[in-house]
Amino acid sequence: MILLHNVEYVDFSDCEITREEKCLCQGCDASVLLNTTSGEQPEKAASPNLTLRGFDFIGRVKSLDKAECPGIVSCADILTLVARDSVVAIGGPFWGVPTGRRDGCSYNWHCSLFIVSNRLYNFTGTGDQDPALDSEYAANLKPNKCKNINDNTTKVEMEPGSRNTFDLSYYTLVLKRRGLFESDAALTTDSDALSMIKQLLQGSLDFYFEFAESMEKMGMINVKTGSNGEIRKQCALASS
């Protein structure tokens, strides 16, 4: 109840970290929340992560949780639960979140995403634009959002006009070649993914069910349990 009660009062335009949980590098271990303590660049300071927001919110939830049940709930569990509750708060589906994850003790150095500015200005290293990106969309992004290749902090909506609404607009944009990331474009080149997108848009697949099932699976990627990892006292600082 601590989580859902607080999520209901969040401005989701400032809480991207809760809606885009990082599980695809070394697992769902909340490593992206860590600050540096040694002068090294933390994962959150890597170029692809500079636009992530919501760290303060996760910290506040951790403080409330620690007051009720200290040393029990990990930051990884909090991040996973808040990701679920934030979707529910904007009208999306509820799904089960098994708890018991432990937090990672170090950064995930090899994590990276394809930066949007590269798709616009230097896709193959020759100053070109990604041909998979809709030309009209790119022409709008360049003067209004990503004005040069070095811009890695400007906020760009993945779903213009519906970022606080749980709907299918993302998939409509992907089919129009207006997905921001290279991974979005890749969905249209994989026959299975493309077929699923079309079925979702046609209504022959239940979007809420498929989304919830996918999130359940993603939340179990390389989970740390038992003696692997720790329960952080503060989400931004490793305890050991």
Side-chain angles (χ1 to χ4, degrees), residues 3-4 7 10 12 15-33 43 48-49 51-54 58 74-104 108 110-114 116 132 156-160 162-225:
L3 297 176
L4 185 56
V7 166
V10 174
F12 292 105
C15 231
E16 181 177 289
I17 188 71
T18 69
R19 298 173 65 181
E20 196 170 313
E21 184 190 5
K22 304 300 177 186
C23 290
L24 300 181
C25 298
Q26 290 181 355
C28 301
D29 64 356
S31 60
V32 75
L33 302 177
E43 184 181 334
N49 296 330
T51 55
L52 291 179
R53 305 177 300 283
I58 296 297
S74 69
C75 299
D77 271 348
I78 289 174
L79 197 56
T80 309
L81 288 162
V82 172
R84 188 270 313 279
D85 290 352
S86 65
V87 170
V88 172
I90 59 171
F94 181 94
W95 62 90
V97 177
T99 53
R101 297 170 184 78
R102 291 173 68 83
D103 300 319
N108 292 331
H110 65 283
C111 298
S112 63
L113 296 172
F114 201 85
V116 175
V156 183
E157 294 181 49
M158 290 183 65
E159 305 163 56
S162 66
R163 65 181 180 182
N164 288 337
T165 304
F166 189 83
D167 56 27
L168 287 162
S169 62
Y170 165 77
Y171 298 105
T172 300
L173 292 171
V174 164
L175 291 187
K176 292 180 178 180
R177 300 191 297 122
R178 296 189 175 189
L180 275 178
F181 303 108
E182 189 176 358
S183 57
D184 299 327
L187 293 175
T188 63
T189 61
D190 180 271
S191 59
D192 290 337
L194 182 59
S195 174
M196 179 168 282
I197 289 173
K198 291 179 178 179
Q199 290 179 71
L200 288 170
L201 291 173
Q202 293 166 358
S204 54
L205 283 179
D206 185 329
F207 176 44
Y208 276 38
F209 174 83
E210 297 294 340
F211 183 89
E213 188 174 61
S214 297
M215 290 298 289
E216 286 185 13
K217 290 179 179 178
M218 189 177 75
M220 297 302 293
I221 296 174
N222 295 332
V223 170
K224 292 178 172 61
T225 59

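No hydrogens, no waters, no symmetry mates; every other heavy atom, side chains included, goes into these values. For the single chain, residues carry numbers from 1 onward in sequence order. Just so you know, these numbers come straight off a predicted model, no measurement behind them.
If you take SG on Cys75 and CZ on Arg101, they are separated by 12.5 Å, rounding to the nearest 0.5 Å. Note that OG1 of Thr80 and CE of Met215 are 8.5 Å apart. Values are rounded to the nearest 0.5 Å. Atoms CG and CE, on Leu205 and Met196 in that order, are 5.5 Å from each other to the nearest 0.5 Å. Distance check: Thr172 OG1 to Leu201 CG gives 4.5 Å after rounding to the nearest 0.5 Å. With rounding to the nearest 0.5 angstrom, the CE atom of Met158 is 4.5 Å from the CG atom of Asp184. The distance from the CD1 atom of Ile197 to the CG atom of Leu168 is 10.5 Å, given to the nearest 0.5 Å.
Of all non-hydrogen atoms in Ala30 and Leu79, the two that sit nearest each other are CA-CD2, 4.4 Å. In terms of heavy atoms, Thr225 sits closest to Gly100 at CG2-O, 3.8 Å. Annotation for Glu159 and Leu173: closest pair CA-CD1, 3.9 Å, computed over non-hydrogen atoms. Contact detail for Glu157 and Leu180: the closest heavy-atom pair is O-CD1, 3.7 Å. Nearest heavy atom pair, residue Ala212 against residue Trp95, reads CB-CB, 3.7 Å. Annotation for Asp103 and Ala76: closest pair OD1-N, 2.7 Å, computed over non-hydrogen atoms.
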Going through the distances and angles, do Val116 and Val156 end up as a side-chain contact (heavy atoms from CB on, under 4.5 Å)? CA-CA 9 Å; Val116 175; Val156 183; 5.7 Å; no
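Taking the six-membered ring where the residue is Trp, Phe166 and Phe207 present parallel rings, their angle staying beneath 30° rather than reaching 60°.
Contact of the Phe94 side chain with the Arg84 side chain is registered, since non-hydrogen atoms from C-beta on lie closer than 4.5 Å. Contact check for Thr189 versus Leu194: no side-chain heavy atoms found under the 4.5 Å cut-off.
Side chain of Ser74 to main chain of Asp77: a donor-acceptor pair is present (N/O by atom type, distance under 3.5 Å, no hydrogens or angles).
Note on residues 194-206: pairs passing side-chain hydrogen bond (donor to acceptor under 3.5 Å, both in side chains), not counting sequence neighbours, are Ser195-Gln199.
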